Structure formats: structure tokens, C-alpha cells
Amino acid sequence: MQGSGYVGRFAPSPTGRLHMGSLIAALASWCDARHRGGQWLVRMEDLDPPREVPGAADDILSTLEGFGLTWDGSVRYQSKRQEAYADALEMLIAEGRAFGCACTRKMLADHAVYPGTCKQGIPGGQDARSYRFIMPEQTIHWQDEIQGPQSAGQEMLDDFVVRRADGFWAYQLAVVVDDVDQGVNAVVRGADLMDSTPGQMALWDVLGAGREAGHWGHLPLLVNAAGQKWSKQTLAEPLEVDRAPYLLMEALQLLGQLPAGGAGEIQASAGVSSILSWAVDHWRMDRVPAGPLYWQGGQS
Ligand SMILES: [Zn+2]
């Protein structure tokens with residue numbers, strides 16, 4: 001099974017416990033990697049300490065294990081990667097692809113994309129607060145394996161922040177530095193991250209040493225009866241490991257992987273490992289729906 005060259009990943013932030021929306025993302029990326037004989041990595045995006053919850057990282061890992069979603073190699077913690085991000089920023093600046101920006105949030109409040117104020121140098125007497133990546137002036141296209149052909153024109157191409165004014169590394173920079181470093185070439189994640197794809201593709205062009213991510217697939221969002229995304233903000237209930245077989249079946253159903261009518265081939269009573277090996281054998285990315293997934297909650 002090894003040796004296909006496919007490397008996928010799941011990259012949660014330790015800001016709370018996993019919920020059904022996270023299970024959809026973890027399960028889909030895991031099944032896609034295993035079905036293609038690839039590797040599946042877990043990376044903890046712990047770069048924003050004020051938003052993090054003590055113990056959440058360990059809780060996430062034990063929940064993944066309880067749901068049978070085992071990973072390859074050791075877990076990477078982005079908080080230990082400060083030097084690599086600093087090196088990447090230095091390289092971007094040296095190549096003329098990043099610049100210091102003195103603008104405050106207030107100054108940019110009326111702009112949908114960065115207006116270029118500091119691009120040719122910071123206006124007199126001010127210091128850089130943040131650093132921004134210079135987006136190329138061209139439309140970016142990609143083939144999304146779930147959402148279909150995508151393109152981002154100039155009006156969407158923002159010179160985005162790679163080092164924040166509060167001194168923390170921006171998600172955009174860290175995710176690409178680590179994807180490149182870990183050899184990731186398949187990104188299967190929630191559609192709420194789709195807007196970040198063009199910027200990440202442009203960063204790949206500079207940091208990727210001639211490689212590119214290859215597979216992109218943006219999963220439909222899980223929404224409740226009121227049409228709100230399942231998230232910590234909408235008080236999504238955390239995953240309970242003792243309900244793993246039932247919740248895995250629910251997730252596979254939502255992902256379009258169970259036969260119509262839900263009858264027959266596999267049942268929750270088969271247990272976690274049988275459900276997962278069935279799911280790997282039968283995984284079909286082209287059956288994952290593009291639109292939002294409605295789920296009313298975990299009451300069985
Ligand atoms: Zn600026």
C-alpha cells in the first residue's frame with residue numbers, strides 16, 4: 001500500500017474539542033489517503049496561543065485514535081517551527097515577494113483587499129507592524145476535486161499578511177511552509193478554507209521548490225437545521241468516542257459513501273475498524289456532494 005507518493009494531512013487548531021464538522025474533514029482526508037495507498041499526517045496548528053484551550057491538542061489526538069483515524073509518523077506542532085517560518089519570511093523578502101507594512105486595522109477598514117500603501121516602502125518615519133506577501137497579478141485557476149473548476153481573479157487577490165502585527169505567524173505562511181517541508185501533495189479540507197487556496201498556491205510557487213500541492217478537494221460544510229456552520233461558535237457538541245461507530249456511519253452517509261437507502265453492506269454494529277476498512281475500500285471522492293450537508297445532531 002505504501003509508495004503511491006500521496007501525502008495528505010489533517011491540521012486542526014487546538015481551540016476546542018473535535019465535533020461532527022471536524023470528523024467529516026478528518027474522515028474524508030483519511031479515507032482518500034488510505035484508498036490511494038498514501039500517507040496521512042496530523043499537524044497541530046497551535047500558532048495562536050490566545051485562542052488555544054489547554055489540553056485541547058491531547059484531547060483531539062485521543063479522539064482521532066478513538067475513531068480509528070491513525071496517522072503516519074509523529075504529530076507536528078507548528079509552535080515548534082518558529083525558525084522555519086522566520087527563514088521563509090527572510091527568503092520572501094530577499095526575493096522581493098514580501099514587504100513590511102505599517103498600516104493599522106483601522107486604516108484598512110474600508111478596503112476589501114490591501115490597497116498597496118506600503119508596497120513601495122513604508123511611508124516616512126513609521127515601522128513595519130506586519131509583513132505581507134505580494135500576490136502575482138494574474139488569475140489563479142485550479143481544479144477542485146469536489147467543488148469543480150475554480151478561479152480567483154485580480155479582485156480577490158490580496159497581498160495577505162504572513163507575519164501578524166501581534167508577532168504571531170499567519171496561518172497562510174505556516175501552512176505552506178509545513179506542507180512543502182512534509183511533502184504534502186493532497187489537501188482535502190473544509191470549503192470554509194477555499195478562499196485561502198489562491199494565496200497558498202501562489203506561496204507554493206515561491207516556497208515549493210518546483211513542486212505543487214497537486215490534489216485540492218474542498219469538502220461541503222456541515223450545517224445545522226438553521227443553516228449555521230457546525231462549529232465551536234454554534235456550540236457544536238463534541239465527538240464522544242463511545243459513539244464512534246454510529247458517528248462514523250453518519251459521516252459516511254453525509255459524505256455520500258453509503259449505498260442509497262443506507263441498507264446492507266455495512267452497519268454501525270460492525271465496529272470502528274470494520275467500518276473504516278469498508279470505507280477505505282469503497283471510497284469515492286466523486287460521490288462527495290459539493291453543497292452544504294444538513295445534520296440535525298447526534299441523537300440516536
Ligand atoms: Zn501597509
Side-chain angles (χ1 to χ4, degrees), residues 11 13-15 43-52 77-142 150-181 187 189-209 212-213 216 218 231 233:
S13 306
T15 52
R43 187 165 71 216
M44 209 51 77
E45 296 194 331
D46 53 348
L47 283 177
D48 198 345
R51 290 183 58 233
E52 284 157 25
Y77 291 85
Q78 290 194 316
S79 56
K80 296 180 181 154
R81 298 271 299 152
Q82 307 290 331
E83 235 171 88
Y85 308 140
D87 289 349
L89 176 59
E90 204 172 299
M91 190 255 232
L92 291 174
I93 294 169
E95 299 207 349
R97 296 301 301 272
F99 62 94
C101 171
C103 300
T104 61
R105 195 172 292 224
K106 205 172 166 190
M107 291 161 71
L108 300 174
D110 296 334
H111 299 273
V113 299
Y114 183 71
T117 318
C118 309
K119 217 164 165 175
Q120 312 303 331
I122 291 176
Q126 304 175 73
D127 292 323
R129 303 175 72 251
S130 61
Y131 285 84
R132 290 175 180 274
F133 175 69
I134 299 175
M135 276 297 277
E137 294 183 3
Q138 66 197 40
T139 303
I140 291 182
H141 301 274
W142 79 95
Q150 303 292 321
S151 66
Q154 198 56 43
E155 72 288 351
M156 289 172 64
L157 300 181
D158 192 17
D159 293 328
F160 57 83
V161 170
V162 286
R163 187 178 170 92
R164 292 163 28 179
D166 58 14
F168 295 125
W169 296 103
Y171 158 76
Q172 283 287 72
L173 179 75
V175 71
V176 176
V177 169
D178 283 319
D179 278 347
V180 168
D181 181 65
V187 178
R189 60 183 178 187
D192 51 336
L193 290 167
M194 194 140 88
D195 286 351
S196 67
T197 302
Q200 289 173 21
M201 292 181 80
L203 263 180
W204 264 91
D205 274 346
V206 188
L207 301 174
E212 53 175 59
W216 297 91
H218 286 90
S231 67
Q233 289 72 35

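First listed ligand is number 1; within each ligand, the first listed atom is number 1. Everything numeric in this text was worked out from a predicted model, so none of it was measured. Along the sequence shown, residues are numbered consecutively beginning with 1.
Closer than 2.8 Å to the Zn ion (ligand 1) sit the protein N, O or S atoms Cys101 SG, Cys103 SG, Tyr114 OH, Cys118 SG.
Environment of CD in Glu90: sparse, with no more than 12 heavy atoms of neighbouring residues, nucleotides or ligands closer than 6.0 Å.
Both cation-pi conditions hold for Arg163 and Trp169: the charged atom is under 6.0 angstrom from the six-membered ring centre and inside a 45 degree cone around its axis.
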Side chains of residues 115-128: which donor-acceptor pairs under 3.5 Å do they make with residues two or more places apart or in other chains?
unit_1, atom_1, unit_2, atom_2, d
Lys119, NZ, Asp159, OD2, 3.0
Gln126, NE2, Pro123, O, 3.2

When the side chains of residues 190-205 are checked against the rest of the protein, which donor-acceptor pairs come out under 3.5 Å, sequence neighbours left out?
unit_1, atom_1, unit_2, atom_2, d
Asp192, OD2, Lys229, NZ, 2.8
Ser196, OG, Leu193, O, 2.6
Ser196, OG, Gln200, NE2, 3.1
Thr197, OG1, Arg189, NH2, 3.0
Thr197, OG1, Met194, O, 3.2
Thr197, OG1, His218, NE2, 3.2
Gln200, OE1, Arg189, NH1, 3.1
Gln200, OE1, Arg189, NH2, 3.2
Gln200, NE2, Tyr171, OH, 3.4
Gln200, NE2, Gln172, OE1, 2.6

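Arg132 places no side-chain N or O within donor-acceptor distance of the main-chain N or O of Phe99, the cut-off being under 3.5 Å.
Qualifying ring-ring contact (aromatic ring centres under 6.0 Å, His included) partners for Phe160, counting only residues two or more places apart in sequence or in other chains: Phe133.
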